[in-house]
2 protein chains.
Amino acid sequence: MKRATQAKRTTIYDLAELAGTSASAVSAILNGNWKKRRISAQLAARITKLAEEQGYALNMQASVLRRERSKIIGMIVPKYDNRYFGSIVEQFEAMARERDLFPIVTCTRRDPALEMEAARAMLSYQVDCLIATGATDPDRIVELCSAAGVRTVNLDLPGSRAPSVISDNFGGALELTRRVLTNCEREFGVKSPLLFVGGRGTDHNTSERVRGFRAAHAEAGIRVDEDLVLTCGYAPEKAENAMRQLAEAGTVLPRGMFVNSTISLEGVMRWIRRSGEYAAAMPHLGCFDWDPFVAMLGDHIEMVRQDVPKMLDAVFEIIDSDTLELKVVQIPPIVETAG
Amino acid sequence: MKRATQAKRTTIYDLAELAGTSASAVSAILNGNWKKRRISAQLAARITKLAEEQGYALNMQASVLRRERSKIIGMIVPKYDNRYFGSIVEQFEAMARERDLFPIVTCTRRDPALEMEAARAMLSYQVDCLIATGATDPDRIVELCSAAGVRTVNLDLPGSRAPSVISDNFGGALELTRRVLTNCEREFGVKSPLLFVGGRGTDHNTSERVRGFRAAHAEAGIRVDEDLVLTCGYAPEKAENAMRQLAEAGTVLPRGMFVNSTISLEGVMRWIRRSGEYAAAMPHLGCFDWDPFVAMLGDHIEMVRQDVPKMLDAVFEIIDSDTLELKVVQIPPIVETAG
DNA sequence: CAATTCTGCTTCATCGATTGAGCAAGCTTG
DNA sequence: CAAGCTTGCTCAATCGATGAAGCAGAATTG
């Protein structure tokens, strides 16, 4: 792939030459601090017009190289295939731009090696700050970044070496489980344990959600058997397989389930439809994450929606305020009313 | 937001000093063309090790400034809130990395001004190439880019000044409409026109889909009334409002609909549920775009899934082969079998 | 009116990596 | 053993923007 056969781009030197002035005057005018440098409004107007005419575009590489701060802010994100991460990215970009920062986002597919590689790439591009969203191993990323003097904020999954902004996973899971238990009892008249499906047993969010799940059961005086907690990973196929194995093992399937993310729900729903196990009556479901079409799937599904705007407000508050404090900010998720 | 109080980053000069050699040797070694420059394997090994120990990271800004190609590839994309654009971005990033290109993606929220601003920013970052996905006015972007000698490829929506890769919108819409018409006739025994909802009347995709929609009706000998084509925009609220207005105008609502994108479907479904107009029997729906949960909404919905992998293959084929030819590549979408 | 201040610029070093040109020491060849 | 080649480096210019320091000339001040 070559650059089109094109005249070289216009630089401040070209403009200076055309205007019969110096490059530094042009630079000062175009980057807006010409008043501080006592350039006449007249010259400023002339150069601005000229730059416009010549289609001048700043060379960020040169600019960033020279400056102290790059004004580039990076984010790594696991996937783009669900509304939660999609809105995180969209909101992040908007808020970065509001602050005159250039956002660079990259998706790491939940792959630890890619996460590190992506972080390294961001450092090479001189990001001023990096947001590690849902990172498998946030602390290693922070270590890498802090060696380069770059601040990090963990989002969605917490780490121990940088401030973190996460959902109140315990609280959300507790409330969600309560609701599903109530729904089950109302419809089926039984007080029996739910199934937990999806997520990684090792990640903080999942373990907190399991804790909330257990707490809600405990409250209701229901015992949860170990093999009803299937933290099999997030991918739809993994959730589907976990369900199949459970059924094949001859376990009596619960009348309700807690599904850890829409992405796992995709697999769970697929299995329910394919296996026909729940042909008689759909189980009551609770999903930790929101999706508009899941909401339309029927009134047997409750959802918890993570509060992305508040989470990103918290992230930028940390960034804007230069806090280095190792706090973990927990944002309560929103329990969507069913239907 | 300041840089943490940190030692300056290690540069090739630091490494050169530590190793008692020159910066240019270090540079050649670390960027891999030390063989061309006749550097001994011994020194190469020593420097590589040292760089590792010192946590050296290339300064891309300096590197790109000096080189004539940046190896940065940009993409602008309208939204991250649906599976179609999500998978485009994910696939794009993966394919860019395979080619040793650094992907920069930015979301422009279907806002023409933001599109131009984003394109300008990408030029400042010296992108070698820009993919304009679903751009409102691709030709203006191309114009801007080509003035800077940067190649552009249009994706999803075609333009007249750069090669474009789009879905076969006419073909997909034709087939989708046929299916919905068949479904309606089978269930309701009537040959009546469908409703078309969503999209912008001015965009190429929408007008091609409307053309396919009309062609399928023509085939079946069904007349389509002008006011059954509601190209009201993509946003859910717009689709919902359009439905409401249609109903309020006293129009007899069709038994089937062609919905132009999942995002419009969100609004349509919401209206259907809220208004209760279809309480007796759900209408048959066809949706141009795919979503896993929409697929689970019931067997009254048919979907057309745009073939993202093939589309991006085509995009990179154009980029890799340096074609400047103004062709429009049409990729047939996949008609998902119902259920 | 000499001394000072202000205005409106210009000059030049710098950021870090890259690369063409050059150079010294060792090796080959006739 | 002189001429030429090879090996393994170093030197210095360069990419484009930035900003501290400097410098004329005009304006102000005591």
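Below, read A as the first sequence line, B as the second, and so on, with proteins coming before strands; counting in each chain starts at 1.
- Proximity of B:Asn59 to the phosphate of C:dC15: no side-chain N or O atom is located under 4.0 Å from OP1 or OP2.
- More than 12 heavy atoms of other residues, nucleotides or ligands sit less than 6.0 Å from atom CD of B:Glu53.
- Residue A:Ser27 is the one, among A:Arg38 and A:Ser27, whose nearest nucleotide of DNA chain D lies closer to the 5' end (criterion: closest heavy atom).
- Between D:dA17, D:dG8, C:dT19, one nucleotide has an atom nearer to the side chain of B:Ser40 than all others, and that is D:dG8.
- Judged by closest nucleotide on DNA chain C, B:Ala62 is the one of B:Ala62 and B:Arg37 placed further toward the 5' end.
- Considering only heavy atoms from C-beta on, B:Arg97 comes within 4.5 Å of A:Thr106 through its side chain.
- Between B:Lys35 atom NZ and D:dT7 atom P the separation is 14 Å, expressed in whole Å.
- Put simply, A:Thr11 has no side-chain N or O that comes within less than 4.0 Å of OP1 or OP2 on D:dG16.
- The CG-P distance, from B:Asp14 to C:dG16, rounds to 8 Å in whole Å.
- Side-chain contact between A:Lys79 and A:Arg110 is present, with heavy atoms from C-beta onward closer than 4.5 Å.
- You'll find a donor-acceptor pair under 3.5 Å spanning the side chain of A:Ser24 and the base of C:dT11, going by distance alone.
- In this entry the distance linking CG of A:Leu65 with C1' of D:dG19 reads 14 Å, nearest Å.
- Atom P of nucleotide D:dT18 and atom CD of B:Gln61 are separated by 13 Å, given to the nearest angstrom.
- A close approach under 4.0 Å does not occur between any side-chain nitrogen or oxygen of B:Ser22 and OP1 or OP2 of D:dC11.
- Of the candidates B:Arg83, B:Glu93, B:Glu90, A:Tyr80 forms a side-chain hydrogen bond (donor to acceptor under 3.5 Å, both in side chains) with just one, namely B:Glu93.
- Across all non-hydrogen atoms, the minimal contact from B:Leu15 to B:Ala51 is CD1-CB, 3.9 Å.
- Residue A:Trp34 contributes atom CH2, which lies 14 Å from atom C1' of C:dT7 at whole-angstrom precision.
- Exactly one residue among A:Asn59, A:Val26, A:Asn31 makes a side-chain contact (heavy atoms from CB on, under 4.5 Å) with A:Ile12. That residue is A:Val26.
- Rounded to an integer number of Å, the gap from CD1 of B:Ile39 to C1' of D:dT7 is 11 Å.
- A sub-4.0 Å separation between OP1 or OP2 of C:dA17 and a side-chain N or O of B:Asn31 is absent.
- Rounded to whole angstrom, the span from the CD1 atom of A:Ile12 across to the P atom of C:dT11 amounts to 14 Å.
- Not a single donor-acceptor contact under 3.5 angstrom links the side-chain atoms of B:Arg67 to the base of C:dT18.
- Candidate nucleotides C:dT18, C:dC9, D:dT18 were compared by shortest atom distance to the side chain of B:Ser63, and C:dT18 ranks first.
- If you check every strand for non-hydrogen atoms under 4.0 Å, A:Leu58 touches sugar and phosphate atoms only.
- Between the side chain of A:Arg66 and the base of C:dG16, no donor-acceptor pair of N or O atoms lies under 3.5 Å.
- To the nearest angstrom, P of D:dA17 lies 14 Å from CG of A:Asn33.
- Where A:Gly20 and B:Tyr56 meet DNA chain C, the nucleotide closest to each residue was compared, and A:Gly20 sits on the side nearer the 5' end.
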